[in-house]
Number of protein chains: 2
Amino acid sequence: MSNAAQCARARARIEVAAAIKDEARKQLATEGVAKLSLRAVAHELGMAASALYRYFPSRDHLLTALVIDAHNSLGETAEAAQAADVGPMRRWIIVCETVRDWALAHPHEYALIFGTPRPGNTGPDTTIAAARTGLVLIGVVRDAYRSRGVVEPPLPAELRPDAERMAADFAADLPPEVVSAFVAAWAQLLGLVGFELSGRFNLLVEERETFFRHAVSRLAHAVGLV
Amino acid sequence: MSNAAQCARARARIEVAAAIKDEARKQLATEGVAKLSLRAVAHELGMAASALYRYFPSRDHLLTALVIDAHNSLGETAEAAQAADVGPMRRWIIVCETVRDWALAHPHEYALIFGTPRPGNTGPDTTIAAARTGLVLIGVVRDAYRSRGVVEPPLPAELRPDAERMAADFAADLPPEVVSAFVAAWAQLLGLVGFELSGRFNLLVEERETFFRHAVSRLAHAVGLV
DNA sequence: CTCCTTCGAGAGCAGCGCTCTCTTTCGTGT
DNA sequence: ACACGAAAGAGAGCGCTGCTCTCGAAGGAG
């Protein structure tokens, strides 16, 4: 088979798959994941519903593809924001706000990746993409640590083995105290964003951006940033 | 109409509605909210699917009833735990752990009330029930404040109006600094629980209970508890 | 030019939420 | 005691869903 020809076929395939994902993303953004229907996507693309299964073996596989794309989209945004030429503390806040902004701009996609987990969506591809944004934040902490901008938070003895393993896994140059505190901070950051996205700040907090910035700045202190 | 007779009818109605909710809860616990089907519930109860609509006008109304029940169940559990005769700091941790334990015991119900919000589920009944558990925690903070066990956390000037309004709404006796910090802590607590429930601690944190206790104890400090 | 893989279309299945209609049940006012 | 009317259950059916199967039309590979 000719390489160019095969590339033509493969490219067409990739393009159609991308069009399906785009249309699915559009419906996801407007109606939410529950209302995303393969038939509607196919109809909007002018093709039979059954033809869709040539590209995604099931609705769940399509959703998984959207999950990975969403993780990468958020990750890319965070990576771009991380490049700001300011101190670690301000960069921590900037990246956190970027996560919040992305979530507010793509609420249904955020819910898809950080909301109620869909069973059986724990492939390795998903896991790698999911780590991307967290790695950006830990990069900020690393920079702070290198410039002596971190004081180690307390760590119960019982948590030290876990913390050392985590540090070895993805932040070998950071003290386990910081890595453990970071994981907690990451979970709490998602809690803040999810809270706002769920509308639980309605009638409660008006100045949500300031509230968020203040909260994540205290979170930075909890991780050890000064 | 005779009172006793009417009560008999009304009681039967309530009992059937409760049976429907119980069966729905059972299916919710085993299969998750997506797989909860009115037809299956009706079949399990030996009645026609259409008869179910005499009790709940739609699947969404049934889910809303389950949401309110779940909020009250969690709230009751928290209230019971809150009665422990120990200092505020330990009680804060105990209540937080109770929330976590309830979530681990009823993951799908927890996801139903604190996961991705289902659109149009913001009735006043829901809001009242949803506040119940939070009010338990704020009661702990109140006790701490009364026994001079609280140092006011920092509060940006821009957040003061919000904080004062929140304090006036549900904690008039507490300083706005504490109330504002509490709302953030509540969101972050749900973040920690949601993180564990989503399986994001897998291969990361082994000692989850200790990790959680340490995190919420630091959260208590962030609210001002000493 | 033929073969064989790939792709699209259509019919169809089982399930879903929900509505409508018909029948039965049962408490109530006369 | 009897007829009336509200309430409850049953069943058929509508339009939708994800998904499978089969068949015909392309389009590179030999």
Side-chain angles (χ1 to χ4, degrees), chain A residues 1-21 23-28 30-67 108 112 118-121, chain B residues 1-21 23-24 26-28 30-67 112 118-121:
Chain A
M1 63 174 92
S2 122
N3 228 355
Q6 193 199 21
C7 280
R9 294 287 145 263
R11 186 161 46 228
R13 210 190 143 74
I14 290 175
E15 268 175 24
V16 176
I20 293 172
K21 286 200 290 183
E23 180 58 34
R25 219 184 327 267
K26 205 159 84 181
Q27 296 199 8
L28 173 66
T30 59
E31 303 269 22
V33 62
K35 296 291 186 75
L36 200 172
S37 106
L38 296 191
R39 287 175 122 104
V41 168
H43 180 78
E44 207 68 23
L45 262 52
M47 61 199 297
S50 59
L52 241 154
Y53 289 83
R54 302 279 183 197
Y55 299 89
F56 298 95
S58 80
R59 192 187 115 112
D60 236 45
H61 285 79
L62 173 57
L63 285 183
T64 299
L66 292 183
V67 164
H108 287 114
L112 188 64
R118 303 176 306 105
N121 190 33
Chain B
M1 61 176 93
S2 125
N3 227 356
Q6 194 197 19
C7 279
R9 295 287 145 264
R11 186 162 43 227
R13 211 191 142 73
I14 290 176
E15 269 175 23
V16 175
I20 292 172
K21 286 200 290 183
E23 180 58 35
K26 206 159 83 181
Q27 296 200 9
L28 173 67
T30 58
E31 302 269 23
V33 61
K35 296 291 185 77
L36 200 172
S37 107
L38 297 191
R39 288 175 124 103
V41 168
H43 180 78
E44 207 68 23
L45 262 52
M47 62 198 299
S50 59
L52 240 153
Y53 289 83
R54 302 279 182 198
Y55 298 88
F56 297 95
S58 79
R59 191 188 116 113
D60 236 45
H61 285 79
L62 173 56
L63 284 184
T64 299
L66 291 183
V67 165
L112 188 65
R118 302 176 305 105
N121 190 33

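Letters A, B, ... are given to chains in the order of the sequence lines, protein chains preceding strands, and every chain is numbered from 1. Side-chain atoms are counted along with the backbone in the values below, which use heavy atoms only and exclude waters and symmetry mates.
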Atom [atom1] of [X] and atom [atom2] of [N]: how far apart are they, to the nearest Å?
X: A:Arg13; N: C:dG8; atom1: CZ; atom2: C1'; value: 12 Å
X: B:Tyr53; N: D:dG11; atom1: OH; atom2: P; value: 17 Å
X: A:Leu36; N: D:dT17; atom1: CG; atom2: C1'; value: 12 Å
X: A:Phe56; N: D:dG18; atom1: CZ; atom2: C1'; value: 16 Å
X: B:Arg59; N: C:dC18; atom1: CZ; atom2: P; value: 8 Å
X: B:Leu38; N: C:dT19; atom1: CG; atom2: C1'; value: 14 Å
X: B:Arg54; N: D:dA6; atom1: CZ; atom2: P; value: 13 Å
X: A:His43; N: D:dC16; atom1: NE2; atom2: C1'; value: 14 Å

What is the nucleic acid contact for A:Ser50, judged by heavy atoms within less than 4.0 Å: base, sugar-phosphate only, or nothing? base
Could you tell me whether B:Tyr55 contacts a base, only the sugar-phosphate backbone, or nothing, with contacts defined as non-hydrogen atoms closer than 4.0 Å? sugar-phosphate
Under a 4.5 Å cut-off applied to non-hydrogen side-chain atoms, are [X] and [Y] in contact?
X: A:Leu38; Y: A:Tyr53; answer: yes
X: A:Leu66; Y: A:Lys21; answer: yes
X: B:Leu45; Y: B:Leu52; answer: no
X: B:Arg118; Y: B:Leu112; answer: yes

Map B:Pro57 and A:Ala51 onto DNA chain C by nearest heavy atom, then report which one ends up closer to the 5' terminus. A:Ala51
Indicate, yes or no, whether a donor-acceptor pair under 3.5 Å links the base of D:dG18 to the side chain of A:Arg39.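 Per atom types, the contact qualifies.
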